[in-house]
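Shown next, in structure tokens, is the structure this report addresses.
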Amino acid sequence: MSARPRPVMAACALAASVALALGAAAPAVAAAPVAPVAGGDHGWPHPDLAKTYEATKKYKDEQKAIADGYLRTDVCVEDTSPEKLGGMGYHYVNPANVGSNDPTRPAAVLYAKNHETGKRELVAVEWVIPNTGQPAPTIFGRAFDGPAVIPGVGDVYTLHAWIYKKNPAGLFTPYNPRVHCVCPEDAPTA
């Protein structure tokens, strides 16, 4: 038996199941790109995204995310459908933030492997809110995606914000065509 306390093991299991399930729960159709209309220097469509950026920019250092309760995972999420919408990367979930739609407390920070350096880089943030029968939650003037059933987590609404890696499919689109779990030159060819 592992020396890890049961709560830590349970939290790690939750993070892994959320990471796997969030990829499975994403809609198969990409949302239309959001045109920047406000938001300061970054040109984001909502000023509260600046609060998100300020609260999460320290997580460019992966160890700071882990120290703040985000659970590291080695599960990388990428769309495997014929549409090949792209990837999400690695979901580091903070169980204490699941259920929050506070711009400064995303449930997950997402990392993608830099295929040149081999290191993980912060690419996005994500909010996860359980569905209790309420209308879709909103943040940044946008409704969450879902609800969708995520095995091990339940019926939830989710919202991604690609504030660290430009997403040509849209700022709030679940998948980013510029994120890949396998280095493109290492990908099997058909």
Side-chain angles (χ1 to χ4, degrees), residues 18-53 55-57 59-60 65 70 73 75-93 97-98 100-115 120-131 135-150 153 155-182 184 187:
V18 167
L20 283 171
L22 288 175
V29 178
V34 176
V37 294
D41 296 338
H42 300 284
W44 290 320
H46 196 283
D48 280 350
L49 281 165
K51 293 177 186 175
T52 302
Y53 180 84
T56 61
K57 68 182 179 183
Y59 301 138
K60 290 180 181 182
Y70 288 92
T73 182
V75 177
C76 185
V77 176
E78 186 166 359
D79 179 38
T80 57
S81 73
E83 291 84 14
K84 302 225 182 277
L85 300 174
M88 293 182 189
Y90 300 91
H91 290 75
Y92 290 39
V93 177
N97 291 352
V98 172
S100 169
N101 70 342
D102 178 337
T104 65
R105 294 184 56 222
V109 289
L110 282 63
Y111 291 85
K113 185 176 179 181
N114 178 318
H115 297 291
R120 293 182 185 184
E121 296 177 346
L122 182 62
V123 294
V125 294
E126 181 177 7
W127 289 263
V128 178
I129 297 185
N131 177 18
T138 60
I139 190 172
F140 312 122
R142 186 193 187 289
F144 278 54
D145 296 317
V149 175
I150 297 177
V153 179
D155 197 16
V156 297
Y157 291 94
T158 64
L159 184 67
H160 293 76
W162 294 90
I163 60 174
Y164 293 100
K165 184 174 189 90
K166 184 166 177 58
N167 185 346
L171 179 66
F172 298 114
T173 303
Y175 289 104
N176 187 330
R178 297 176 61 212
V179 172
H180 302 282
C181 295
V182 177

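- Residues I129 and S100 are not in side-chain contact: their nearest non-hydrogen atoms beyond the backbone lie 4.5 Å or more apart.
- From F144, atom CZ reaches atom OG1 of T158 across 8.0 Å, with rounding to the nearest 0.5 Å.
- Residues F140 and P103 are in side-chain contact: their nearest non-hydrogen atoms beyond the backbone lie under 4.5 Å apart.
- Closest of all the heavy-atom pairs between V179 and A112 is CG1-CB, 3.8 Å.
- For the pair L49 and L171, the minimum side-chain heavy-atom distance is below 4.5 Å.
- Judged as a side-chain hydrogen bond (donor to acceptor under 3.5 Å, both in side chains), and not counting sequence neighbours, the contacts of T104 are D102.
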Check against side chain to side chain contact (heavy atoms under 4.5 Å, CB included), N97 and Y70: CA-CA 9 Å; N97 291 352; Y70 288 92; 3.2 Å; yes
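- To the nearest 0.5 Å, atom NE2 of residue H115 and atom CD of residue E121 are 10.0 Å apart.
- Between V123 and N176, every side-chain heavy-atom pair lies at or beyond the 4.5 Å cut-off.
- With sequence neighbours excluded, no residue forms a ring pair (Phe, Tyr, Trp, His ring centres under 6.0 Å) with W162.
- Of all the heavy atoms in A108 and H91, the pair that sits closest is CB-CD2, 4.5 Å.
- Take P147 and apply the side-chain contact (heavy atoms from CB on, under 4.5 Å) test, not counting sequence neighbours, and it matches N131, D155, Y157.
- Between the side chain of R178 and the backbone N or O of K166, at least one donor-acceptor pair lies under 3.5 Å.
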CA sep, side-chain torsions, deciding dist, call: I139, D48, side chain to side chain contact (heavy atoms under 4.5 Å, CB included): CA-CA 9 Å; I139 190 172; D48 280 350; over 6 Å; no
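- The nearest pair of heavy atoms linking P130 to V156 is CA-CG1, 3.9 Å.
- K165 is linked by a salt bridge (charged side-chain N to carboxylate O under 4.0 Å, His left out) to nothing, counting only residues two or more places apart in sequence or in another chain.
- Considering every non-hydrogen atom in both T138 and A143, the closest pair reads CG2-CA, 3.8 Å.
- Not counting sequence neighbours, the partners of Y164 by the ring pair (Phe, Tyr, Trp, His ring centres under 6.0 Å) test are Y53.
- Under the 4.5 Å side-chain criterion, counting only non-hydrogen atoms from C-beta, F172 is not in contact with H160.
- Contacts of K57 classified as salt bridge (charged side-chain N to carboxylate O under 4.0 Å, His left out), with partners at least two apart in sequence or in another chain: E54.
- In this structure Y59 satisfies the side-chain hydrogen bond (donor to acceptor under 3.5 Å, both in side chains) test together with D68, sequence neighbours excluded.
- With sequence neighbours excluded, no residue forms a side-chain hydrogen bond (donor to acceptor under 3.5 Å, both in side chains) with Y111.
- Evaluation of the side-chain hydrogen bond (donor to acceptor under 3.5 Å, both in side chains) rule for R120 yields D74, Y92 as partners, not counting sequence neighbours.
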Intermediate values then yes/no, side chain to side chain contact (heavy atoms under 4.5 Å, CB included), T56 and I163: CA-CA 10 Å; T56 61; I163 60 174; 4.1 Å; yes
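- In this structure, V109 and L122 have side chains that are in contact, with non-hydrogen atoms separated by less than 4.5 Å.
- With rounding to the nearest 0.5 angstrom, the NE2 atom of H46 is 13.0 Å from the CZ atom of R142.
- How far CD of E78 is from NZ of K84: 7.5 Å, rounded to the nearest 0.5 Å.
- Residue Y90 comes nearest to T73 through the heavy atom pair CD2-O, 3.6 Å, listed as atom of the first residue, atom of the second, then distance.
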